Amino acid sequence: MVNPSPDRGGESTGPHILPNEMENDLDKRVATPPPAPASSDVITDVVGDFGIWQLRTILIIFLCKIPAAWFMACIIFTGPELYPGSEFTCDTSYMTSSSNSSFSVSDNQCYIRDELTGTSSECEQFTYVSSFDSLIMQFNLVCLRDIFVAWTQYWHLFGVLVGGVVGTKMMLGISPRSTYCVGAVAQILCGVVTGYARDFSLHCAFRCLSAVCCAIMFTAGQAIFVDITAGMHRIGAIILYDTFWSIGVILLPGLSSFFNSWSLIYVGITFPTVMLILLLYWTPDSPRWLLRHAVNRFSIDNVEEIVREGAAINDRSFKIPPDFRMQLEQLSERLKTQPPLAPWRELWKGKRAKTHMVAAHLALAFFVINFMGMLLNIRSFGRDYLVPNTIAMGFSEIIGCFLALHFALKHNKWKWQCAGVFNILAGILGCMGWIFTNADSMDADLKVSLWMIIATIPKAAVSCAQSMILACMNELMPANKKQLFVFSVVTWARVWLLSAPFFNVLKKIDTAMSLTSYCVFSILGGICTSLLLTPRTSVSPVVPHLEPSNKKEQSPLNAPVWTVESDVNNTRL
């Protein structure tokens with residue numbers, strides 16, 4: 001709603017011709033300061049939108065994205081491709097053959113052919129000559145590597161889907177900080193078991209559970225820093241959340257180089273989470289969650305201690321009012337009596353609501369498939385280039401996040417269209433990979449470099465759009481629809497994310513085929529993103545209950561309109 005304010009039509013400031021009663025009433029409204037925004041309360045007034053306290057908390061929580069990235073992308077280094085003939089050969093000693101039978105092994109070492117009968121069978125036993133003990137060797141899956149990688153990655157992404165839902169539901173009764181701690185402890189246990197599982201089904205099961213724990217951690221962590229920040233600082237924090245994911249991707253090749261076994265890599269990516277648990281000492285809980293679930297005076301005492309600490313670190317202790325405790329109790333009562341959220345069917349009602357629902361759901365689905373799939377797709381460019389290609393992908397993701405922040409801050413009115421057009425152009429560029437498919441005479445290093453150039457630009461575009469949607473899609477709905485809208489869009493996208501690993505199998509047809517499929521998704525996601533439009537807010541307040549004195553005041557541009565608050569507290573997934 002538009003706040004009441006004195007008339008701004010440009011009339012003379014001389015004597016009024018209004019009746020005395022109306023004139024006195026107008027004077028009172030002029031003298032009364034405008035009310036604070038609906039999203040402002042005593043906590044924001046005391047600690048501020050952003051400060052050293054929020055920055056410290058954000059940096060600590062951002063660290064949880066690093067092990068999450070490691071668990072997602074570790075398959076690149078725990079299950080690398082093995083070269084047939086030089087690193088593994090089919091061992092035919094297990095076969096019982098008569099003296100008049102002879103066998104030959106295929107070039108890829110996967111099939112054995114009986115020269116007398118002409119029948120072929122799959123090789124069941126292999127001899128390995130590799131210095132690295134990989135998952136492929138552990139489960140004898142050298143001939144089914146691509147399917148194996150897609151299958152184990154499927155279970156990881158299924159864990160991310162389940163973890164986001166479980167983390168959100170846990171926070172209905174458990175505080176975000178406690179939820180974060182539960183996820184961290186469980187992730188350490190599941191990660192170690194995953195690394196030492198000697199059964200393929202058991203490995204997939206605990207890889208799924210590890211992903212559940214990672215998703216619980218970054219879901220609860222985001223709920224904390226979203227609650228203690230406000231304004232554009234909150235949007236910036238959500239956008240930059242994925243930069244630490246990218247830092248994890250960049251660090252993974254270096255971490256993997258210290259180990260010669262896939263089991264040790266899992267141990268190496270698991271135990272840094274112990275540091276995250278220790279850093280919880282300097283991580284506050286969500287103050288508004290505590291107030292919403294306060295049951296006695298000790299709960300209010302805990303919130304008061306948290307806010308006073310934040311004010312002291314931010315050098316804002318002078319902002320603490322004399323009736324601070326009373327205002328916290330009043331805020332607690334307001335939070336407990338908030339109206340219920342709108343049902344899901346209400347999300348489709350309203351101006352442009354259907355367009356926003358369809359476009360947002362489709363756009364994020366396309367982008368999360370690309371975000372995960374394109375990183376795994378670098379394996380199709382060759383094992384010798386995994387390290388530089390992984391690092392290049394990580395940096396392109398970081399560039400995309402900062403581009404999203406630039407669009408949100410400098411081109412806020414058309415930020416959706418900027419991100420959408422960027423993805424359309426980058427996707428068209430990525431589809432040009434077919435040019436290098438038949439360039440057999442081209443130098444191998446140059447060919448891979450060109451592949452990576454046309455792959456990293458769409459990757460940056462996808463990272464830009466995905467970060468912007470996650471941070472700003474709440475602007476598309478009124479306040480009572482925000483939380484359910486965000487939950488619906490993110491959960492829907494993560495369901496479709498399960499298909500991402502299987503698109504990489506298209507590289508068996510052609511290297512350009514898998515990359516082209518992702519670039520087509522970028523184009524489609526860019527089109528959907530361009531259809532989004534944040535509702536405009538009114539900047540011309542009017543005086544209620546007064547008849548307009550001229551035609552300018554009768555303009556519909558001065559009429560009250562519903563607005564969307566830029567501060568949100570429900571983008572938890």
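Below, all heavy atoms of this structure are taken into account, side chains as well, without hydrogens, waters or symmetry copies. The structure displayed is predicted, hence computed values, not measured ones.
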Check ion pair Glu309-Arg56 (N to O, under 4.0 angstrom): yes
Evaluate the side-chain proximity of Phe200 to Phe148: yes if any heavy-atom separation is below 4.5 Å, no if none is. yes
Scanning both residues in full, the closest heavy-atom pair of Gly236 with Leu405 reads CA-CD1, 3.7 Å
Could you check whether atom CG of Leu409 has more than 12 heavy atoms from other residues, nucleotides or ligands sitting under 6.0 Å from it? yes
Stepwise ring pair (Phe, Tyr, Trp, His ring centres under 6.0 Å) test for Trp416 and His356: CA-CA 12 Å; Trp416 302 111; His356 286 162; 8.4 Å; no
Arg177 side chain to Leu280 backbone, donor-acceptor under 3.5 Å: yes
Could you tell me if the side chain of Trp282 sits less than 4.5 Å from the side chain of Leu279, heavy atoms only? yes
Please report the closest heavy-atom contact between Ala363 and Ile469, naming both atoms and the distance. CB-CD1, 3.9 Å
Just by modelled atom types, is the Asn474 backbone N or O under 3.5 Å from a matching donor or acceptor in the Lys482 side chain? yes
Counting the benzene-type ring for Trp, do Trp496 and His361 have ring centres under 6.0 Å apart? no
Contact between Gln466 and Val368 at the side-chain level, heavy atoms closer than 4.5 Å - yes or no? yes
Check whether Thr194 reaches the backbone of Phe206 with its side chain - one donor and one acceptor, N or O, closer than 3.5 Å. yes
Would you name the heavy atoms of Ser130 and Met137 that are closest together and state the gap between them? CB-SD, 4.1 Å
To the nearest 0.5 Å, atom CG of Leu347 lies from atom CG of Leu476 at 11.5 Å
Quick one: does Thr337's side chain have a donor or acceptor within less than 3.5 Å of a partner on Arg334's backbone? yes
So Ile216 and Met170, side-chain contact (heavy atoms from CB on, under 4.5 Å) or not? Walk me through it. CA-CA 9 Å; Ile216 289 174; Met170 285 177 64; 4.1 Å; yes
Against the six-membered ring of Phe218, is Lys65 placed for a cation-pi contact (under 6.0 Å from the centre, within 45° of the normal)? yes
Can Asn314 and Gln54 be counted as having a side-chain donor-acceptor contact under 3.5 angstrom? yes
When you compare the side chain of Thr57 with that of Pro284, does any pair of heavy atoms fall below 4.5 Å? yes
Between Arg494 and Val160, is there a side-chain heavy-atom distance shorter than 4.5 Å? yes
Using only atom types and a distance under 3.5 Å, with no angle test, would you say the side chain of Arg234 pairs donor to acceptor with the backbone of Val226? yes
Run the numbers on Leu291 and Ile300 for side-chain contact (heavy atoms from CB on, under 4.5 Å), then give the verdict. CA-CA 7 Å; Leu291 291 178; Ile300 306 295; 3.7 Å; yes
Could you note down all residue pairs passing ring pair (Phe, Tyr, Trp, His ring centres under 6.0 Å) where residues 44-72 supplies at least one of them, sequence neighbours left out? Phe50-His233, Phe62-Phe225, Phe62-Tyr241, Phe62-Phe244
Pairwise distance CZ(Phe367) to SG(Cys464) - rounded to 0.5 angstrom: 8.5 Å
Below 3.5 Å, can you tabulate the donor-acceptor pairs from side chains in residues 268-277 to any protein atom, sequence neighbours excluded?
| unit_1 | atom_1 | unit_2 | atom_2 | d |
| --- | --- | --- | --- | --- |
| Thr270 | OG1 | Tyr266 | O | 2.6 |
| Thr273 | OG1 | Gln187 | OE1 | 2.7 |
| Thr273 | OG1 | Gln187 | NE2 | 3.3 |
| Thr273 | OG1 | Thr270 | O | 3.1 |

Does any N or O in the side chain of Asn302 come within less than 3.5 Å of the main-chain N or O of Phe298, such that one atom is a donor and the other an acceptor? no
Between Cys213 and Ala186, the two heavy atoms sitting closest are SG-CB, 3.4 Å
Relative to each other, are the rings of His293 and Trp289 parallel, tilted or perpendicular (30° and 60° limits)? parallel
Atom CG in Leu135, atom OG in Ser261: separation rounded to 0.5 Å? 8.5 Å
Please tell me whether Phe259 and Phe132 form a close aromatic pair, meaning their ring centres lie under 6.0 Å apart. no
Going by atom types alone, do Ser332 and Arg288 pair a side-chain donor with an acceptor below 3.5 Å? no
Between CD1 on residue Ile136 and CD1 on residue Ile75, distance to nearest 0.5 Å: 6.5 Å
Under the side-chain hydrogen bond (donor to acceptor under 3.5 Å, both in side chains) test, which residues partner Ser256, sequence neighbours left out? none
Check for a donor-acceptor pair, side chain of Tyr180 on one end and backbone N or O of Thr219 on the other, with a separation under 3.5 Å. no
When you look at CZ of Phe258, are more than 12 heavy atoms from neighbouring residues, nucleotides or ligands closer to it than 6.0 Å? no
Considering only residues two or more places apart or on different chains, which pairs with a residue in residues 321-331 satisfy salt bridge (Lys or Arg N to Asp or Glu O under 4.0 Å)? Asp301-Arg325, Glu304-Arg325, Arg325-Glu329
Any residue meeting ring pair (Phe, Tyr, Trp, His ring centres under 6.0 Å) with Tyr154, in chain and number order, not counting sequence neighbours: Trp151
In Å and rounded to the nearest 0.5 Å, what is the CG to CG distance from Leu335 to Leu290? 11.0 Å
Do Ser246 and Thr243 have side-chain atoms, one donor and one acceptor, less than 3.5 Å apart? no
Strictly distance-based, threshold 3.5 Å: is any side-chain N or O of Asp49 a donor or acceptor partner for the main-chain N or O of Gly231? no
Does Lys169 count as lying over the ring of Phe487, i.e. NZ or CZ under 6.0 Å from the six-ring centre, within 45 degrees of the axis? yes
Assess the side chains of Glu475 and Thr534: does a donor N or O sit below 3.5 Å from an acceptor N or O? yes
Answer whether the closest heavy-atom distance between the side chains of Glu397 and Asp242 falls below 4.5 Å. no
Does the pair Gln153 and Met72 meet the rule for a side-chain contact (heavy atoms from CB on, under 4.5 Å), with working shown? CA-CA 8 Å; Gln153 199 66 20; Met72 193 284 296; 3.2 Å; yes
Which atom pair, heavy atoms only, marks the closest approach of Met393 to Leu375? CB-CD1, 3.9 Å
Not counting sequence neighbours, which residues clear ring pair (Phe, Tyr, Trp, His ring centres under 6.0 Å) with Phe366? List them please. Phe521
Positive for side-chain contact (heavy atoms from CB on, under 4.5 Å) with Gln327, one of Asp41, Val42, Ile320, Asp45: Val42
Under 4.5 Å between any side-chain heavy atoms of Val47 and Ile228, yes or no? no
Between Ser201 and Asp199 the two heavy atoms that sit nearest each other are N-OD2, 3.1 Å
Main chain of Gly195, side chain of Ser263: is a donor-acceptor contact present, judged purely on distance under 3.5 Å? yes
Donor-acceptor check, side chain of Asp315 to backbone of Ala312, threshold 3.5 angstrom: yes or no? no
Spacing of OG1 belonging to Thr152 relative to CZ belonging to Phe139, to within rounding of 0.5 Å: 8.5 Å
Quick one: are Arg207 and Cys74 in side-chain contact, heavy atoms under 4.5 Å? yes
Evaluate whether atom NZ of Lys319 has more than 12 neighbouring non-hydrogen atoms of other residues, nucleotides or ligands under 6.0 angstrom away. no
